[in-house]
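Below is one structure; the comments refer to it alone.
The first residue in the sequence is number 1, and the count goes up from there. Computed over heavy atoms, backbone and side chain alike; hydrogens, waters and symmetry mates excluded.
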Amino acid sequence: MRIAVFASGGGSNFQSIVNATALKTLSAEVVLCVASRPEAGVIARSKRAGIPVYILNGTIEDNISELVNVLGNHKVTMIALAGFMRKIPRDLILLYPDRILNIHPALLPEFGGPGMYGSRVHQAVVASGSLVSGATVHLVDEEYDSGPIILQETVPVLPTDTAESLAARVLITEHALYPKALQLFAQNRIKLIDRKVSFIESQKS
Ligand code: GRF
């Protein structure tokens, strides 16, 4: 499996995916980093790892043919959005059917949807009084945060938590969860029935 990671920020999830490929807990290769802005911290990480970077100049819609060419040139078979702050247009979703994943720093379908990103998510969780939050890896469709859920893991919300302290605890869980979800795809263990996921047992050799 040949992964392109799309990111807009610091890229700690990008790094966890790259690390998992190096450790061989993820049987895949990160072949491309797509960054939505030239200052994104993920760019330096990608360069350090020797992974080519494509910087989007504007929206995906504005650059769709160039982006599709770049993805094709790198023979990308899987796209992992990791803190990517641009809408994924229908054309790209149709080109990579059920092959675009996203990670969300809460337990979807709660605390997701338009405007629910970054610290807003954790602020809403803390304000709700919920005792658990977590991370969700899901497939991307045309609505925000609404595609089939692949994996989730819970994280406790402590009485003393702020959005920042909760975000930091959730992020640690994200770093383990995203490579695990990608590995299910790498091993062809995901089956979707009525847009709900089921797991195929791994083959013993
Ligand atoms: C993560 O919390 C992810 O869930 C969210 O954006 C953040 C990205 O962090 N979508 P990083 O850039 O991977 O460190």
When you compare the side chain of [Y] with that of [X], does any pair of heavy atoms fall below 4.5 Å?
{"X": "Arg169", "Y": "Leu158", "answer": "yes"}
{"X": "Leu71", "Y": "Leu92", "answer": "yes"}
{"X": "Leu101", "Y": "Phe185", "answer": "yes"}
{"X": "Val157", "Y": "Leu131", "answer": "no"}
{"X": "Leu81", "Y": "Ile103", "answer": "no"}
{"X": "Cys33", "Y": "Tyr54", "answer": "no"}
{"X": "Val42", "Y": "Phe6", "answer": "no"}
{"X": "Lys196", "Y": "Pro148", "answer": "no"}

Shared ILVMFWY cluster between [X] and [Y], side chains joined below 4.5 angstrom?
{"X": "Leu184", "Y": "Met1", "answer": "yes"}
{"X": "Phe111", "Y": "Val126", "answer": "yes"}
{"X": "Leu67", "Y": "Leu95", "answer": "yes"}
{"X": "Leu56", "Y": "Ile88", "answer": "yes"}
{"X": "Val5", "Y": "Val34", "answer": "no"}

For [Y], is there any backbone N or O sitting under 3.5 Å from a side-chain donor or acceptor partner on [X]?
{"X": "Thr77", "Y": "Arg2", "result": "yes"}
{"X": "Thr136", "Y": "Leu108", "result": "yes"}
{"X": "Tyr117", "Y": "Gly83", "result": "no"}
{"X": "Ser8", "Y": "Met85", "result": "yes"}
{"X": "Asn13", "Y": "Tyr178", "result": "no"}
{"X": "Arg189", "Y": "Ile200", "result": "yes"}

Could you give me the CA-CA distance, side-chain angles and deciding distance for Arg99 and Val76, then say whether side chain to side chain contact (heavy atoms under 4.5 Å, CB included) is met?
-> CA-CA 10 Å; Arg99 284 293 174 281; Val76 168; over 6 Å; no
Roughly how far, to the nearest 0.5 Å, is the [atom2] atom of [Y] from the [atom1] atom of [X]?
{"X": "Ser36", "Y": "Asn57", "atom1": "OG", "atom2": "CG", "result": "11.0 Å"}
{"X": "Ile3", "Y": "Ile51", "atom1": "CD1", "atom2": "CD1", "result": "9.5 Å"}
{"X": "Leu177", "Y": "Glu174", "atom1": "CG", "atom2": "CD", "result": "8.5 Å"}
{"X": "Leu166", "Y": "Ser119", "atom1": "CG", "atom2": "OG", "result": "11.0 Å"}
{"X": "Phe14", "Y": "Ser46", "atom1": "CZ", "atom2": "OG", "result": "3.5 Å"}
{"X": "Asp62", "Y": "Arg86", "atom1": "CG", "atom2": "CZ", "result": "9.0 Å"}

Worked verdict on Arg195 versus Asp98 for salt bridge (Lys or Arg N to Asp or Glu O under 4.0 Å) | CA-CA 10 Å; Arg195 304 305 287 155; Asp98 295 332; 3.0 Å; yes
List the atom of [X], the atom of [Y], and the distance in Å for their closest heavy-atom pair.
{"X": "Ile149", "Y": "Val197", "value": "O-CG1, 3.1 Å"}
{"X": "Ala186", "Y": "Leu26", "value": "CB-CD1, 4.5 Å"}
{"X": "Ile43", "Y": "Pro38", "value": "CD1-O, 3.4 Å"}
{"X": "Val170", "Y": "Ala135", "value": "CG1-CB, 4.4 Å"}
{"X": "Glu110", "Y": "Ala106", "value": "O-CB, 4.4 Å"}

Could you walk me through whether Ile100 and Leu139 pass the side chain to side chain contact (heavy atoms under 4.5 Å, CB included) check?
-> CA-CA 6 Å; Ile100 308 180; Leu139 282 166; 5.8 Å; no
Distance-only polar pair, side chains of [X] and [Y], donor-acceptor under 3.5 Å:
{"X": "Ser16", "Y": "Asn19", "answer": "no"}
{"X": "Gln183", "Y": "Thr25", "answer": "no"}
{"X": "Ser133", "Y": "His122", "answer": "no"}

Salt-bridge test for Arg90 and Asp141: reply yes if a basic N is under 4.0 Å from a carboxylate O, no otherwise.
->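 Asp141 and Arg90: not salt-bridged.
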Would you check, one step at a time, whether the test side chain to side chain contact (heavy atoms under 4.5 Å, CB included) holds for Leu182 with Ile17?
-> CA-CA 9 Å; Leu182 284 162; Ile17 295 167; 3.8 Å; yes
Sorted by chain and residue number, the side chain to side chain contact (heavy atoms under 4.5 Å, CB included) partners of Ile193 (sequence neighbours excluded) come out as Lys191, Ser198
Name all residues meeting the side chain to side chain contact (heavy atoms under 4.5 Å, CB included) criterion together with Lys180; count only those two or more places apart in sequence or in a different chain, and write none if there are none.
-> Leu151, Glu153
Step by step, would you call Ile55 with Arg37 a side chain to side chain contact (heavy atoms under 4.5 Å, CB included)?
-> CA-CA 6 Å; Ile55 301 175; Arg37 47 191 198 101; over 6 Å; no
Tell me, yes or no, whether the heavy-atom count around Lys87 atom NZ, taken from other residues, nucleotides or ligands under 6.0 Å, exceeds 12.
->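 Result for NZ/Lys87: enclosed.
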